[in-house]
Amino acid sequence: MSSSRSSWSKRSLAAQAMGHVDPITKAVVPPIHVATTYIRDEDNAYSSGFVYGRPDNATIREAEEVLAMLEDAEAGALLFSSGMAAATAVFQALNPGDHVVASKVMYWALRNWLMTEAVRWGLVVDFAETDNLDALRAAVQPGRTKLVWIETPSNPLWTITDIAGAAAIAHEAGARLAVDSTTASPFHTRPLTLGADIVMHAATKVLNGHSDVVAGALAGAKADEFWARVVSIRKMQGAILGPFEAYLLMRGMRTLHLRAAAQTKSAMDLAVRLSVHPKVARVLYPGLPQHPGHDIAARQMEGGFGFMLSIQLTGGEAAAIRTAARVRLWKRATSLGGVESLIEHRASIEGPGTPCPADLLRLSTGIEDVEDLYRDLDEALKPA
Ligand SMILES: *Cc1c(COP(=O)(O)O)cnc(C)c1O
């Protein structure tokens, strides 16, 4: 099997969670390993390689193997207790005084963390409009910048950063490039193959896909000193994912290709139809040719442009809040990437200082019938 494994497609390998079969029962679904401790050999060694539950776990390793395969990650993947735990581990692997450049438009909780905790930790953080490579180049300080952090497509405006271009700028300055690829997922984009050093996922979202697990992940291009520090931070700080969550995530990743393909198809369909809707002033979706990041997205995303889009309403903030209140099939909730479609007035949750316009509704497209999704939105958009 191992000789042919490399020739199977990612979709085939993911569908079978790498084809592991339980050696005792021959079960096609591996058991969940819940033990926190393991027997030492008589000669005092740990021949199984497992010692204690905080640093490592067999169920975690199995799910990590699937993600490492999906991301072409030579250093492998690491699962964390949340997306935030995964992201912050990367910043904590830096040294006080290190300079960081991050996308101006990005996941709000991480932006908040960078502006508060990261600064207390001694990091110097600048935000740049990374969808403009000249702006990124101007923000990077050669020799002093150690990490460039981008998110693409980025929340909630779905701006696109050129990953290969950002990697070249980061590397020229002696910095690493990390990519929050949560909304692209490995179905559309594999940042490590485009020159990124680390890819991060809120696995809570489309990787798991069923809105029933909070999890985070990192995948690394090279098992270098920096990666070893990230590994050690997860181990020492106890930020590993629980085995039951890892099992659910592994089950979710088996169907990533089917879900992501259906979701991106419906999102494109909705984007096109909503862009001519009289109550919609603007649709933000990288799949539309008028989107400023469309050409780059077409280059670095395969199989479509993702399941996330935002709409700005002609009626402004009041109309946005009213529309979110009137949908019946779309669920009015935060988060994204699940099989159920979610709608959210994003500015309300991000609070003061957000770059998110007040008239914006964020849509996470699920796998429901796209005709139902459109009809529900259309009815909610109509005046009462
Ligand atoms: C949700 C999300 C995160 C944070 O993940 P959690 O699992 O909620 O900690 C980070 N980045 C993006 C793009 C997200 O959507």
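Counting starts at 1 for both ligands and their atoms, in listed order. Just so it is clear, the model here is predicted, and its values are computed rather than measured. For reference, positions follow the sequence shown, starting with 1.
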Q: Testing Asn155, Leu363, Thr204 for side-chain contact (heavy atoms from CB on, under 4.5 Å) with Leu336, which one passes?
A: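 Running side-chain contact (heavy atoms from CB on, under 4.5 Å) over Asn155, Leu363, Thr204 with Leu336 returns exactly one hit, Asn155.
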Q: Considering heavy atoms of the protein only, find what lies nearest to atom 7 (O) of ligand 1 and give residue, atom and distance to 0.1 Å.
A: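 Checking every protein heavy atom, the shortest distance to atom 7 (O) of ligand 1 gives Thr204 OG1, 2.6 Å.
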Q: For atom 4 (C) of ligand 1, what is the closest protein heavy atom, and at what distance to 0.1 Å?
A: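 Closest protein heavy atom to atom 4 (C) of ligand 1: Tyr107 CE2, 3.4 Å.
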Q: Looking at every non-hydrogen atom in both residues, tell me the closest pair between Ala58 and His33 and how far apart they are.
A: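 Nearest heavy atoms, Ala58 then His33: CB-CD2, 3.6 Å.
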Q: Quick one: pull up CZ in Arg11 and OG1 in Thr255 and give me the separation to the nearest 0.5 Å.
A: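 Result: 10.5 Å between the selected atoms.
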Q: Does Leu336 have a non-hydrogen atom less than 4.0 Å from ligand 1?
A: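 Contact present.
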Q: Given salt bridge (charged side-chain N to carboxylate O under 4.0 Å, His left out), test Asp295 with Arg299 step by step and report yes or no.
A: CA-CA 6 Å; Asp295 293 344; Arg299 255 201 333 267; over 6 Å; no
Q: To which protein heavy atom is atom 6 (P) of ligand 1 closest, and what is the distance rounded to 0.1 Å?
A: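 Nearest neighbour among protein heavy atoms for atom 6 (P) of ligand 1, to 0.1 Å: Gly83 N, 3.4 Å.
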Q: Tell me whether the rings of Phe305 and Tyr285 are parallel (<30°), tilted (30 to 60°) or perpendicular (>60°).
A: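 Geometry flag for Tyr285 against Phe305: perpendicular rings.
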Q: Determine, considering heavy atoms only, which of Met84, Lys205, Glu151, Arg111 sits nearest to atom 9 (O) of ligand 1.
A: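 Among Met84, Lys205, Glu151, Arg111, the closest heavy atom to atom 9 (O) of ligand 1 belongs to Met84.
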Q: When Leu342 is tested against each of Met308, Lys331, Arg362, Arg332 for side-chain contact (heavy atoms from CB on, under 4.5 Å), which residue passes?
A: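 The passing option is Lys331.
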Q: Check this for me, if you would: do Arg120 and Glu117 make a salt bridge, where the nitrogen-to-carboxylate-oxygen distance has to be below 4.0 angstrom?
A: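 Glu117 and Arg120: salt-bridged.
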Q: Would you call Leu177 and Ile163 a side-chain contact if the rule is heavy atoms closer than 4.5 Å?
A: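 Yes - at least one pair of side-chain heavy atoms lies under 4.5 Å apart.
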Q: One residue to check: Asn155. Relative to ligand 1, which of side chain, backbone, both or neither has a non-hydrogen atom less than 4.0 Å away?
A: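 For Asn155, the contact with ligand 1 is made by the side chain alone.
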Q: If I apply the N/O under 3.5 Å rule, does Val214 come out as touching ligand 1?
A: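 It does not: no N or O of Val214 is found under 3.5 Å from an N or O of ligand 1.
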Q: What part of Ala215 sits under 4.0 Å from ligand 1 if we count only heavy atoms: the side chain, the backbone, both or neither?
A: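 The backbone, only.
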Q: What is the nearest protein non-hydrogen atom to atom 11 (N) of ligand 1, stated with its residue, atom name and distance?
A: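 Its nearest protein heavy-atom neighbour is Asp180 OD2, 2.7 Å.
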Q: Tell me the protein heavy atom at minimum distance from atom 5 (O) of ligand 1, and give that distance in Å.
A: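 For this ligand atom, the closest protein heavy atom is Ala202 CB, 3.2 Å.
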Q: With a 4.0 Å cut-off on heavy atoms, is Met200 in contact with ligand 1?
A: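 Contact present.
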